[in-house]
There are 2 protein chains.
Amino acid sequence: MARARISDVAAAAGVSVTTVSLVMNDVESRISEQTRRRVREAARAVGYAPSSVARGLRTQQTRTVGLISDQIATTPFAGRMLAGAQDAARENGHLVFLVDTGGNGAIERDAITALTSQQVDAMIYACMWHRVVEAPEGLPPATVFLDCRPAAGGFRSVVPDDRAGGYAATRELIRAGHRRIAYLDTDDGPIASNLRHEGYLEALAEAGIPVDPALHVTGATTAQGGRSAAEVLLDIPESRRPTAIFCFNDRMAVGAYTAAHHRGLEIPRDLSVIGYDDQQLVAAEQDPPLTTIALPHYEMGRWAMEVALGVREEGNDNATHQMECPVVRRDSVGPPPAQVAKPNRRRASYTERLP
Amino acid sequence: MARARISDVAAAAGVSVTTVSLVMNDVESRISEQTRRRVREAARAVGYAPSSVARGLRTQQTRTVGLISDQIATTPFAGRMLAGAQDAARENGHLVFLVDTGGNGAIERDAITALTSQQVDAMIYACMWHRVVEAPEGLPPATVFLDCRPAAGGFRSVVPDDRAGGYAATRELIRAGHRRIAYLDTDDGPIASNLRHEGYLEALAEAGIPVDPALHVTGATTAQGGRSAAEVLLDIPESRRPTAIFCFNDRMAVGAYTAAHHRGLEIPRDLSVIGYDDQQLVAAEQDPPLTTIALPHYEMGRWAMEVALGVREEGNDNATHQMECPVVRRDSVGPPPAQVAKPNRRRASYTERLP
DNA sequence: TTGAAAGCGCTAACAC
DNA sequence: GTGTTAGCGCTTTCAA
């Protein structure tokens with residue numbers, strides 16, 4: 001059976017289409033309560049669902065948003081970001097078109113064309129990790145960049161505050177009593193790498209801890225990469241060896257765990273470790289559960305959508321919004337082992353961050 | 001500046017809108033090559049992008065698909081499934097509306113209404129793990145169920161062949177020489193749990209291996225759950241202790257690793273382990289990398305989309321399509337340790353499955 | 001080989 | 001309080 005049209009409802013209720021339209025859209029109250037009821041009943045009776053397509057054509061507003069992302073498939077981060085964007089879209093009565101380009105330029109161009117043809121009300125351009133990107137041609141100027149920043153500016157964008165995150169991670173270790181703190185960095189070149197390093201240096205400087213270049217090592221952003229880099233650190237003679245390692249991400253932190261275990265070092269008794277990302281199914285499942293810095297993916301997704309839909313006022317059309325990365329305390333950070341003497345057996349107990 | 005309309009192109013090219021429409025849609029070749037060129041040039045000149053909304057209203061085909069899923073945020077599986085669906089949609093010129101309901105019934109109902117109003121050409125109802133579900137009201141009959149099966153039937157659906165997967169996993173261990181093979185199951189009650197168990201029993205029976213109830217243990221589907229359950233298995237006196245463990249999923253297998261390591265058992269020398277899911281950032285990153293059974297998420301996503309769009313013919317509108325779960329060989333399966341005597345130091349080398 | 005015109009289902013300006 | 005009608009931008013039938 002074919003879709004019911006507004007005229008079917010009008011006929012069934014014995015009114016005009018105008019009346020039906022007015023009732024369905026809750027416009028003014030110039031319609032009598034009795035008529036409203038009759039219309040609504042008729043609509044239900046004929047199984048009427050208004051056509052968003054016809055409405056979109058008429059009003060030139062589709063109540064849809066386009067979300068272009070480079071990779072949803074290969075990173076498990078995507079979920080939270082999409083969830084935030086989705087929730088905000090739903091709360092504002094919008095549906096989202098999701099297009100995953102896999103980083104392919106041709107697909108990206110086609111996606112922009114297709115979404116433009118669909119006359120989406122707003123567009124979001126998302127990356128799955130913090131990056132600086134060339135803004136592709138054809139994006140509407142109101143596009144919001146999510147977890148990335150357009151190289152030439154000109155768009156609103158939201159990214160994590162990696163510098164503050166690096167600072168917070170290092171502060172966390174300093175506060176636990178550490179002075180020989182390593183930064184297990186990556187050489188894969190993400191923009192976050194430098195930013196977190198800056199935060200690390202800032203926290204060190206603030207605490208009056210001299211920088212030891214030997215404590216800055218690098219590796220690939222994998223468990224294996226983290227393990228190799230951690231081994232370099234643990235090879236340092238004990239007097240100068242780090243008592244705590246701040247890892248670029250959770251995966252590398254897992255590698256640091258492995259390296260430590262292979263030398264009989266127990267975490268956090270002999271070595272404190274802090275990660276970054278708060279990656280689901282990774283950070284919390286380690287033994288001991290990994291203290292880490294969370295990327296505010298959900299919040300960034302929500303922010304981007306709200307700004308894109310215009311429900312959140314953001315003054316500058318050309319500004320990058322930085323979002324805080326909170327510390328998630330678990331059990332991989334404790335006080336440093338007692339100097340020179342026997343290792344200190346006391347084990348700090350940290351509790352999981354409350355929601 | 002406002003969108004260019006088809007009439008703008010017509011005016012610019014000095015032809016009628018009919019001609020422009022015909023050219024833009026590559027209909028017949030009744031238009032002279034010269035006119036075609038003129039039209040295309042004019043379209044480019046005025047920056048014309050046809051309105052899918054107007055076209056959708058006219059043709060009653062929107063070239064959009066609705067994909068409703070219960071959870072994209074909380075499982076890292078989603079990505080591959082979405083990627084498969086996306087790719088198939090794109091290849092067929094369709095855009096996908098993604099709605100994540102978080103399992104909330106009210107949101108689900110609203111989503112179905114919204115997608116119906118958008119007049120999507122097809123609909124997919126996806127779960128993030130293999131389940132039997134109550135089909136919600138209002139789904140079009142042509143909806144395809146992805147990674148789940150409607151309890152009452154009546155829809156096409158695609159799910160992983162968990163029974164065959166359990167069989168394959170167990171076969172893999174039998175072929176490596178094991179006879180005392182445990183099934184580290186879950187008591188969280190997913191439908192896959194029983195199916196994989198059936199496959200396990202079938203492989204055992206086929207090989208003439210008697211079933212030892214002590215080798216069937218259960219736990220929560222987490223690393224911690226896997227660890228506790230594995231400890232029960234490893235507490236069994238060595239003569240009857242399993243030499244291989246088939247784990248319900250990769251996370252539980254990680255727990256089995258931990259339990260083994262805490263007893264000084266080396267994998268795969270002293271104990272072989274096989275997982276399920278081939279979960280990214282988990283299976284491959286273990287030490288040693290975990291041999292596992294892959295869930296065909298990408299393929300299922302693609303299958304569902306192709307069937308939904310009608311580009312793949314599937315006879316029965318009421319049939320459940322089962323998809324193979326391939327073995328992914330890594331390094332956690334080897335021959336059983338030599339009986340009674342000293343452990344066999346030989347270590348089997350398996351190579352990663354080629355793409 | 002090309003064009004005129006109807007109409008997809010809805011909203012909103014205007015008339016009553 | 002309610003109804004008539006034009007028109008959103010396109011496709012497609014029919015006529016030339």
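Here the structure is a predicted model, which means the values were calculated and not measured. Residue numbering restarts at 1 for every chain, and letters A, B, ... go by the order of the sequence lines.
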Side chains of residues 117-128 of chain B: which donor-acceptor partners sit under 3.5 Å, not counting sequence neighbours?
from: B:S117; atom 1: OG; to: A:P50; atom 2: O; distance (Å): 2.9
from: B:S117; atom 1: OG; to: B:T113; atom 2: O; distance (Å): 3.4
from: B:Q119; atom 1: OE1; to: A:S51; atom 2: OG; distance (Å): 2.6
from: B:D121; atom 1: OD1; to: B:T62; atom 2: N; distance (Å): 3.0
from: B:D121; atom 1: OD1; to: B:T62; atom 2: OG1; distance (Å): 3.4
from: B:D121; atom 1: OD2; to: B:R63; atom 2: N; distance (Å): 2.7
from: B:Y125; atom 1: OH; to: B:E108; atom 2: OE1; distance (Å): 2.8

Kindly write out the residues that satisfy side-chain contact (heavy atoms from CB on, under 4.5 Å) with [X], not counting sequence neighbours, or none if the list is empty.
X	value
A:V132	A:R149, A:A151, A:I191
B:W303	B:V144, B:V158, B:V307, B:R312, B:E314, B:H321, B:M323
A:D161	A:R163, A:A164, A:Q322
B:A42	B:V9, B:A12, B:A13

OP1 or OP2 of C:dG3 versus the side-chain N and O atoms of B:T19: is any pair under 4.0 Å?
yes

Taking only N and O in the side chain of A:T35, is any of them less than 4.0 Å away from OP1 or OP2 of D:dG1? no

Encoded 5' to 3' (Watson-Crick or G-U under 3.5 Å; [ ] crossing; | other strand), DNA chain D becomes ||||||||||||||||

In short, ring pair (Phe, Tyr, Trp, His ring centres under 6.0 Å) pairs touching residues 2-25 of chain B with sequence neighbours left out are none

The contact string for nucleotides 7-14 of chain C, one letter per nucleotide 5' to 3', using protein heavy atoms under 4.0 Å with B, S and - for base, sugar-phosphate only and none, comes out as BBBBBBBB

Q.
Over 60° means perpendicular and under 30° means parallel, so tell me whether A:F155 and A:F145 are parallel, tilted or perpendicular.
A. tilted

For residues 6-25 of chain B, the salt bridge (Lys or Arg N to Asp or Glu O under 4.0 Å) pairs (sequence neighbours left out) are B:R5-B:D8

For B:D162, the salt bridge (charged side-chain N to carboxylate O under 4.0 Å, His left out) test, sequence neighbours excluded, returns B:R196

Sequence neighbours excluded, the answer for salt bridge (charged side-chain N to carboxylate O under 4.0 Å, His left out) partners of B:R302 is B:E91, B:E306

Under a 4.0 Å heavy-atom cutoff, the residues of residues 109-116 of chain B touching DNA chain D are none

